[in-house]
Each structure stands twice: as structure tokens, then as C-alpha cells.
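This report concerns only the one structure given below.
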Amino acid sequence: MSKSKFWLSLLLVLTMVLSLAPMAFADADYEAWEEASGIFNTEETDEELYQQALEEGATVTLYSISSRCGKVADAFMAKYEGIECIPFDISTNDLLEKVTREWESGSPTADVVHIKDQDGSMYIENIQQKHMFYNYQPADIMAHVTDESMKATQTPLYIELTQLFYNAEAYPDGSPVTNIWQVTEPQWKGKIMMQNPLDNLSWGSWIAGFCVGDEPDRLAEAYKELYGEDLVLSDGCENAGYEFLKRLHDNEPVFTSSSDEIAESVGTTGQSDPPIGFCASSKLRKNEDNGWVLAPVNLEPDTGIPAANTLYIVEGSEHTAAAKLLVRFMLGGIDGDTSGYDPFNTLGGWPVRDDIDAAEGSVPYEEMNVAGFDAEEIYYNYNTVRDFWQMLG
Amino acid sequence: MRPAEQNYSKTRRLKNQIKAVVTNPYNVIVLIAIILLTYLIVFPLVDMLSTTFELSQRDLRSVRGGVAGEFTFYYWQRLLASDLTWSMLVRPLLNSLLVGACVSVCAIVIGAVLAWLMVRSDLPFKPFFSLAVIIPYMIPSWVKSQAWLSMFKTPRLGGAPGFIASMLTSMGISNESIEAILGPIAYGPLAVIIVLSLHYYAYTYLLVSGALNSINSELEEMGEIQGASKTLILRKITLPLVLPAMLSGVILTFSKAIGTFGVINYLGSPAGFRTLSSELYSNIRSLNTQTGFAMAILMIAIASLAVFVNQKIIGTRRSYATIGGKGGRSMPIGLHGWKPVITVILFIFFIFAIIMPVIILVVESCMLKEGTYSLANFTLHYWIGDGDPNIMEGVPGIFKNSNFLNSLKNSLMLTFVNGIFGTIIGQILGYICAKGRGTFHGKLVEQLVFIPYLIPSVAFGGIYLSMFSKPQTLFGVTLLPPLYGTFALLTITSVVKHLPFASRAGTSNMLQISGELEEAATIEGAGFFKRFIKIVFPLSKGGFLSGFMLIFVSIMKELDLIILLMTPTTSTLPYLAFQYQNQNSPQASDCVAIVMFSIVFLVYALANIFGDADLASSMGG
């Protein structure tokens with residue numbers, strides 16, 4: 001046996017042995033946890049939960065997609081003395097990656113997760129298939145959410161939209177665009193800012209939203225209203241939704257890496273010929289801080305699907321009482337103290353509770369043109385629409 | 001009876017062989033090294049490959065009748081032979097190759113010329129130049145793209161225009177003309193290639209100047225005595241001697257350039273320019289892990305092919321690099337009439353390519369609002385200001401910000417711990433590569449150690465995350481608890497990813513220690529460990545420090561690799577800078593980047609002055 005063969009066979013043996021190392025699977029005993037944690041008990045009061053939280057470890061970790069989670073944590077700790085709340089502001093994909101890996105390892109770090117279920121995967125995969133997330137819907141608070149479809153698959157915190165914005169300084173007479181089809185006109189070629197739907201799930205879901213349900217019909221109708229003639233579908237475009245995406249893509253939108261960048265590009269003052277851009281409605285609240293002149297457009301027929309911010313409790317959490325207390329606190333509580341919800345109640349975000357008013361200056365949600373949201377429709381069409389966009393180039 | 005006898009002697013021979021192998025401490029170390037490398041490098045690679053053949057739960061909706069986890073060609077078929085192949089694979093791949101090739105050529109030319117000037121010529125202000133020339137290596141490339149945009153951004157993208165665009169506007173030039181003039185420079189392939197070349201020339205510079213340093217100048221002088229002209233000497237003597245170093249530079253640059261993401265993201269996407277690495281990133285970000293890994297494997301294959309071709313070209317010439325050993329003395333070559341011209345050109349180059357980005361960073365960090373170039377707009381708020389609810393939602397200046405202080409602490413800890421661990425391991429692996437040069441195990445270790453370099457950082461972080469978030473068991477015995485969220489995981493990931501550098505530094509360091517020294521000690525009866533501690537280690541101290549610097553610098557600016565491994569408490573400076581950037585607070589992001597750069601620069605300068613550390617010497621050999 002030559003020396004080189006010796007080392008080579010050693011390498012092969014090692015690779016095989018190591019590949020055999022058994023992999024630990026995520027624990028399938030979610031039922032035991034459901035039992036032990038009392039996750040389905042929605043009748044507890046704040047006071048009871050506070051006492052239990054102090055006994056079980058007096059700590060709770062929040063993973064949130066909002067930078068405002070720090071303020072929430074501070075307010076929570078001020079109200080519930082003795083309980084430590086560790087907030088972690090992290091982007092959607094990283095949050096999912098982290099929480100999934102941690103949960104699979106059997107020791108979840110996060111107790112409460114604040115995220116959006118834009119593509120329906122939270123409900124279908126993480127709740128129904130994996131049993132990783134749980135909706136905790138406290139009875140007293142959820143009684144104030146009257147829209148049943150809103151709480152059927154999720155525990156809504158507040159609603160955000162992907163809106164079209166323009167520069168109010170450059171267009172003092174109002175938006176240069178009012179119908180969504182106008183962004184496909186040549187004058188906006190290379191001057192529409194957005195994020196690349198290939199890059200993340202929320203933008204991927206947003207484009208999927210145009211192609212499902214009754215949205216294509218609404219788009220076709222809006223087209224006819226604007227141009228007075230019927231929309232002619234191109235080859236490979238199944239409905240008006242796909243046609244819109246194709247024309248939008250052909251107009252060479254500029255892709256940026258964050259919503260903030262879009263808001264800045266559109267909203268900065270002193271521009272003679274500023275771009276328009278789609279971005280998260282919540283950026284409106286940064287107008288004053290940054291001296292921007294962002295103005296939202298209430299597009300015809302609508303601005304696409306809404307994005308409800310939702311809260312989940314993670315299976316395997318050892319701080320369920322504190323987690324429940326935090327969820328209640330963030331949803332706005334029941335005692336009139338809304339300090340947990342206030343950081344989210346800003347321009348460009350709409351409350352879901354009938355007893356909490358939208359921030360000053362907000363257009364009431366009922367007046368906004370928004371597409372319908374069906375978690376399953378989006379989920380099962382997501383890949384098709386993403387592939388379609390990818391194929392456009 | 002003969003066959004039996006032969007059998008007997010064969011087994012005995014094997015037994016003796018095994019005994020000899022096992023009782024020699026050197027072999028034991030090699031064995032441990034190979035086991036660990038297999039576990040930490042080959043295994044993740046195999047895992048990554050097998051993932052691309054497993055149907056994921058998310059894609060059940062696209063594959064009729066599929067079962068999660070079952071074997072499938074779905075992802076490869078989609079990537080290699082479907083309607084999506086052109087837009088998902090071929091076009092981005094061509095762009096990657098374009099960037100890789102152009103950046104390699106530019107970086108090699110800049111790096112080699114600079115190295116020759118610094119090492120061989122009688123250029124004035126050498127200490128200044130040789131320090132300045134390393135600076136681009138210390139600034140993360142995404143920071144450079146920011147600086148590039150601050151300079152060239154056009155009004156089409158909205159927001160605050162770049163410096164040049166606002167000058168052109170004030171001269172009364174229309175937006176359309178500005179776009180026509182600046183657009184192609186500001187974004188797209190040209191911008192990407194320029195910024196990356198200015199970033200990666202440092203590799204070639206370090207490698208070539210290391211090689212030049214080790215050439216005995218007598219070789220060149222001999223040519224001169226024989227009456228050869230300067231160009232002839234350069235062409236026939238110097239160039240062939242440094243060719244292996246230059247080709248190594250090509251490999252490092254090429255594989256880095258096709259794997260990079262940050263610069264493409266900032267400078268490529270405004271022009272719709274996407275490469276394979278941006279597709280990889282998009283897919284990983286959109287949780288299409290399988291497709292992302294398949295792309296990563298293709299990228300590894302391309303980089304491996306480049307290494308293979310490189311080895312074929314160098315072939316037997318490889319030994320050239322060490323022919324001269326350490327040069328006894330080195331006579332600088334006179335530049336004569338060219339001296340002032342070259343000096344001026346170099347100064348201009350340094351001002352635009354090196355000093356400018358740093359200055360842009362510093363200036364921008366002191367501007368209350370971006371793009372407003374007036375004196376009233378200057379402030380130290382982002383450095384030392386108290387929280388002002390009207391700026392950045394009340395986040396105070398970085399030196400009063402607990403987030404920053406925590407990240408600073410983490411970064412320092414990570415870089416020092418990893419620097420030390422990485423260097424020690426690198427030196428040991430370098431010892432194996434150097435002593436085992438030409439043997440199979442030497443080559444094996446050398447190849448294994450190079451693999452992490454070829455795996456894109458994002459993918460590498462992802463694999464380690466999934467691997468170590470489960471407890472590591474072997475035959476039911478738990479070897480390691482789940483490491484998720486621990487500092488240990490950050491350390492293991494960074495050390496392994498930087499092994500190619502660390503062991504490269506170790507190898508060149510160990511090659512400089514003559515085997516005769518050890519042989520003499522062996523004759524005197526010194527054992528392996530005594531030799532290592534008393535001879536090898538003391539002699540390699542200088543190289544140790546250089547190797548440390550190399551790892552220190554790269555880990556300090558590392559972002560892609562550890563972004564997935566972060567937890568609320570383990571944030572680092574690059575991550576913080578990246579977050580500020582994404583929250584649209586470039587000033588705060590600049591402040592953090594400046595602090596990072598200052599630390600690296602300070603440590604480097606200290607090591608250089610007091611410890612004889614030289615990045616160049618650790619890359620050579």
C-alpha cells in the first residue's frame with residue numbers, strides 16, 4: 001500500500017464516517033410544549049401573566065423586523081419592572097433563517113417574533129406544517145379586531161402598504177401618476193425606484209399579489225379606464241397582472257437595496273427631475289426627520305396587497321408567560337395604556353383595532369385602494385410569478 | 001509456502017508502516033490536521049452538494065406529488081436546462097467572468113508595477129508609499145463603492161447627487177447630459193471593475209513584492225555585467241522569477257472578484273448589472289437555498305478550474321520562487337530621468353485611489369445632511385452628539401451609543417482571538433505544507449486548506465450555521481453541543497474561512513527555515529516537540545506576526561461571512577455600519593467605517609514599527 005493511497009483512503013473513510021453522523025431533527029413533540037406552555041389559554045390577565053413571568057425567568061427575547069422594537073422593549077421594561085426584554089432588530093430573511101435554525105437546534109432564542117406574513121408561508125409552513133410559530137390571540141384584545149379575515153391566519157399588529165411616492169416639491173399640483181399603468185409609460189423609463197422582487201420575499205409577494213384573485217380583472221379595468229381601450233396581453237402573459245409586471249420590468253426600474261434608499265431618492269428636496277418610487281408606506285414618518293418631501297399616491301385600481309405586521313410565539317419558548325405579556329403589550333393592551341403599540345402607530349402604518357385611532361394626518365384605511373389578501377393564493381402562486389419575473393431578465 | 005510467507009511479510013510490513021506512521025509525532029499532527037480539515041471543509045462541501053439534490057418543503061408547491069427531502073434533479077434541471085437558464089445562469093455567469101477577467105488583468109498590472117517600484121527601484125518616499133499602498137486592503141470594498149457613489153452619483157437616481165454631478169449642475173448642465181456623461185462611469189460594469197481593481201491589486205502587490213524581496217539581486221546584476229539592457233533583464237530574469245507569484249495573484253483576485261457581492265450590489269444594480277454572485281445572494285435571501293447552493297458549487301468549480309489551469313502553467317517552474325533563497329543584498333535599480341515623472345504619477349494615483357476615498361468618508365461623516373456642501377452643514381453630531389429625536393430617530397453619536405461600544409468590543413475580541421487561533425493553526429498547517437512539499441499528504445493538506453477560499457462567504461456562513469446549530473455527535477457520543485449564537489461558532493467559522501491565508505503565510509514562513517537546522521537538532525537527539533518549540537517557533541516569530549496581521553485585517557472587515565451567525569449580543573462593527581447604511585444613515589455608517597479603518601491601520605503601523613511584521617513577506621513564497 002503506497003503512502004498516497006493510505007492518505008487518500010483515510011480521507012474517504014473519514015468523509016463517510018462523518019457523513020454518517022446522525023442529524024438531530026427538530027423536536028416533534030410540539031404537543032407536549034402546547035400542553036406545558038398553555039399557549040391556547042387566551043383568558044389570562046396582564047397581572048396573572050406578570051406574576052408567572054417573574055417566576056419563570058423574568059426575561060423575554062423579541063426578534064423584530066422593525067427598528068422600533070428597541071422603544072417597545074424600553075417601554076415594556078418600564079411598565080413591567082423586573083422583566084428583561086431583549087429586542088433584536090433584524091431583516092426579514094435573516095430573522096427567519098435565525099429563528100428556524102435556532103428552533104431546529106431545540107433551543108430557540110426568540111420567544112416572540114414580529115414579522116409579516118406576506119407570502120403566506122408563515123401560516124402554511126411555519127404554523128400548519130412545522131408547528132414552529134403559534135398565534136396567541138388574547139380574547140379581550142382580539143375582540144377589538146372586527147375584520148375576521150384579518151385574524152384568520154395571523155395575529156395582526158398593524159398594516160403597512162407598498163405605496164408609490166412622488167416628490168411633492170417638484171410636483172406641487174399633485175402626483176404626476178394616479179393610475180398604476182402610468183408607471184409603464186416611456187416618460188418614467190429608468191426613473192422608477194423599487195427593490196428587486198428577486199431579492200426578497202416581501203417584494204416577491206407584492207408582485208405575486210397582482211397576478212392572483214380578482215386583482216388581474218381590476219388591473220384590466222383600470223387600464224381601460226385610463227386609455228379607453230382593452231388591454232392586449234403579450235405572449236406568455238396569462239392575465240393583466242403578468243402583463244403589468246412585464247411592462248413595468250420593460251420600463252427598467254432602478255433596484256435599490258433598501259426601502260430607505262428609495263424614500264431618500266424620491267423625497268430629497270432640491271431635485272429638478274426626481275424619480276418616483278414604490279416603497280414601504282412607513283417611510284412617510286421619516287419625512288420630517290430627514291427634511292424629505294415624500295408624498296404617497298392612492299393609486300388606481302390599488303397599490304397591491306397589504307402587509308400585516310404579525311406577532312407569533314415560538315414553539316419551545318421557555319418564557320411563555322412573558323411572551324404572552326409582551327404580545328398583549330405590543331397589541332396595545334387592554335387597560336388603556338397603549339405605550340407598547342404607540343411606537344408603531346405612525347404615519348404610513350394603520351392600526352387594526354377599532355378602539356385605536358390611526359396616527360394624526362393618516363388617510364383612514366377604509367379610503368385606501370388596496371388589493372385583497374389571501375395567504376393561500378399568494379403562497380401557491382409565488383414561485384410561478386417569481387420565475388416569470390426572473391425570465392424577464 | 002511462498003505465498004503465505006509473502007502474506008506474512010506483507011502484513012508485517014503494513015503493521016510496521018502503521019506503527020511508524022502512528023508513533024511519529026509529525027504524522028500524528030498530520031493525521032489530526034487531515035481529520036479536522038475533512039470534518040470542517042470536505043464535509044460541509046458534501047453537505048452543500050447533497051442539499052442541491054433534496055426537495056425542500058417550500059418547493060412542494062411547484063413539484064406535483066413531491067415529498068420534502070426526497071432525491072430530485074429539480075434544482076439542477078431548472079438551473080442548467082430550463083427556460084430560466086439564460087437569465088438565471090448564463091448571462092450572470094458571463095458578467096461574472098467579464099468582471100473576473102478584467103479585474104484580474106488590471107489588478108495584476110497595478111500590483112506588479114507598484115511592487116517592482118517599491119522593492120527594486122530607487123523611488124523616493126518609499127516608507128510613505130509602501131504604507132499607503134496597503135490602505136485599500138484595509139478599507140472594505142463596499143465602503144469604497146459608497147465613496148464612489150458620493151463622487152459620481154447622477155440625478156437619475158434621485159436623492160443627493162454626487163459631488164461631480166452637483167458641480168456640473170451648478171455649471172448649468174442639464175440632467176440628461178449629466179446622465180450621458182457620468183452614467184456609464186457611475187454605475188455598471190466599468191464602475192465595478194475600477195473599484196474592484198483598486199481593491200484587489202493589494203493581493204498581487206503583496207505576493208509579487210514578497211517574491212521580489214526573496215530574489216537575490218545578484219541574478220539581475222549578472223545580467224547587467226553580461227551587457228543585457230534593462231528591459232531585457234526585466235523580461236528575461238525578473239519577470240520569470242516572479243511569474244509564479246503573479247499567477248497566484250491572478251487566482252486570488254479572480255476567485256475573489258467572481259465571488260464578491262457588495263460592490264456589485266451598490267454599483268451594478270442601478271444599471272441592472274447582475275452577476276452570478278448577485279443571483280446567488282438573491283436566491284439565498286429569498287430562501288431558495290438549494291438553487292443558491294447549486295450556484296455556489298458552480299462558482300467553486302469555476303475557481304477550481306482556474307487553479308488547475310494556473311498549476312498547469314506554472315508546472316515545474318514553481319520551484320523558481322525559492323531558487324535564490326533570501327537575497328544577500330539588494331541594489332535598487334535607478335529610475336534616472338523617469339524618477340520625477342513616476343513619483344508624480346504615483347502621488348496622483350495615491351491621491352485619487354487611496355486618500356480620496358478616506359477623505360470622502362471623513363467629510364461625509366461630518367455632514368448633517370448628505371449632498372449639502374455648505375459650512376453650516378458640518379457637525380460632529382454623528383460622532384459625539386447626544387440623541388436628537390430629529391436625527392436618526394434619536395440615536396446618539398457613535399461614541400455615546402452603547403450599541404457601538406458593544407460592537408467595538410465584539411469586533412476587537414473576535415479579531416484578536418481569531419487572529420491568534422488562526423495564526424497558530426496556520427503556522428502548523430504551513431509547517432505540514434512546507435515540510436511535506438512534494439509528498440501526497442503535503443499536497444492534500446495544501447488543497448484542502450485552499451477550498452474555503454473558493455466557497456462564497458454567504459454560503460459558507462450558511463453551511464456552518466446549519467451544521468453547528470445541531471449538536472455534533474459521532475456514534476451516539478456528543479462531541480460538541482449546539483454552538484448557535486455562541487462566540488465559539490463565530491470563531492470556528494472565521495478561522496476556517498481564513499485558513500487559506502493563514503496557512504499560506506505559515507507555509508512561506510516555514511519555507512524560510514532551512515531543514516538543515518532541524519536535521520542538526522535531530523542528530524543531537526532532539527525530539528519533534530523540542531525541535532518545534534526550540535527551533536521552528538522562535539525562528540518563525542516574525543512571520544507569525546505578519547500572519548496575524550493578515551487575518552486580523554480580513555476579519556475586522558468581514559461582513560458576508562458572519563452576517564447569518566449574528567445574535568442580538570454578537571453584533572460587530574461591519575454589521576453595525578451595514579445596518580446604519582440600510583437605515584439610510586450613511587454618516588453614522590461612515591463613522592463606524594472610519595473607526596474600523598483606524599484600528600486596522602493603527603495595529604498594522606504598530607506591528608510594522610515594533611514587530612517587523614510585513615504583510616508582503618507573509619504572502620510570498
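Atom set for the values below is all heavy atoms of this structure, side chains included, hydrogens, waters and symmetry mates excluded. In what follows, chains are A, B, ... by sequence order, proteins preceding strands, each numbered from 1.
- Side-chain contact check for B/M88 versus A/M391: every heavy-atom pair is 4.5 Å or farther apart.
- Contact between B/R61 and A/Y382 at its shortest, heavy atoms only, is NH1-CB, 3.8 Å.
- Proximity to chain B (any heavy atom under 4.5 Å) is restricted, for A/Q271, to the side chain, taken from C-beta onward.
- Rounding to the nearest 0.5 angstrom, the gap separating the CD atom in A/Q390 from the OG1 atom in B/T291 is 9.0 Å.
- Only the side chain of B/Y266 has a heavy atom closer than 4.5 Å to any heavy atom of chain A.
- For chain A, the nearby part of B/N265 is the side chain; its heavy atoms alone come within less than 4.5 Å.
- Heavy-atom minimum distance, A/D387 versus B/L84: O-CD2, 3.4 Å.
- Taking non-hydrogen atoms and a 4.5 Å limit, the residue list of residues 117-125 of chain A in contact with chain B, ordered by number, reads A/D119, A/E125.
- Among A/N381, A/D260, A/T269, the residue making the largest number of heavy-atom pairs under 4.5 Å with chain B is A/D260.
- Contacts of A/W203 with chain B are absent, with no heavy-atom separation under 4.5 Å from either backbone or side chain.
- Of the atoms belonging to A/L96, it is side-chain heavy atoms, and not backbone ones, that fall under 4.5 Å from chain B.
- Among the residues in residues 190-200 of chain A, those with a non-hydrogen atom closer than 4.5 angstrom to a non-hydrogen atom of chain B are A/G190, A/M193, A/N196, A/L198, A/D199, A/N200.
- When all heavy atoms of A/P275 and B/G158 are compared, the pair lying nearest together is CD-CA, 3.5 Å.
- In this structure, B/R156 does not pair ionically with A/D273, as no charged nitrogen and carboxylate oxygen lie closer than 4.0 Å.
- Among the candidates B/T289, B/T439, B/N283, the residue making the largest number of heavy-atom pairs closer than 4.5 Å to chain A is B/N283.
- Residue B/R78 touches chain A through its side chain alone, counting heavy-atom pairs closer than 4.5 Å.
- Of the two parts of B/E179, neither the backbone nor the side chain holds a non-hydrogen atom closer than 4.5 Å to a non-hydrogen atom of chain A.
- In terms of modelled atom types and a separation under 3.5 Å, the side chain of A/S265 and the main chain of B/L157 share a donor-acceptor contact.
- The part of B/L287 that comes within reach of chain A is its side chain, from C-beta onward, which places non-hydrogen atoms under 4.5 angstrom from that chain.
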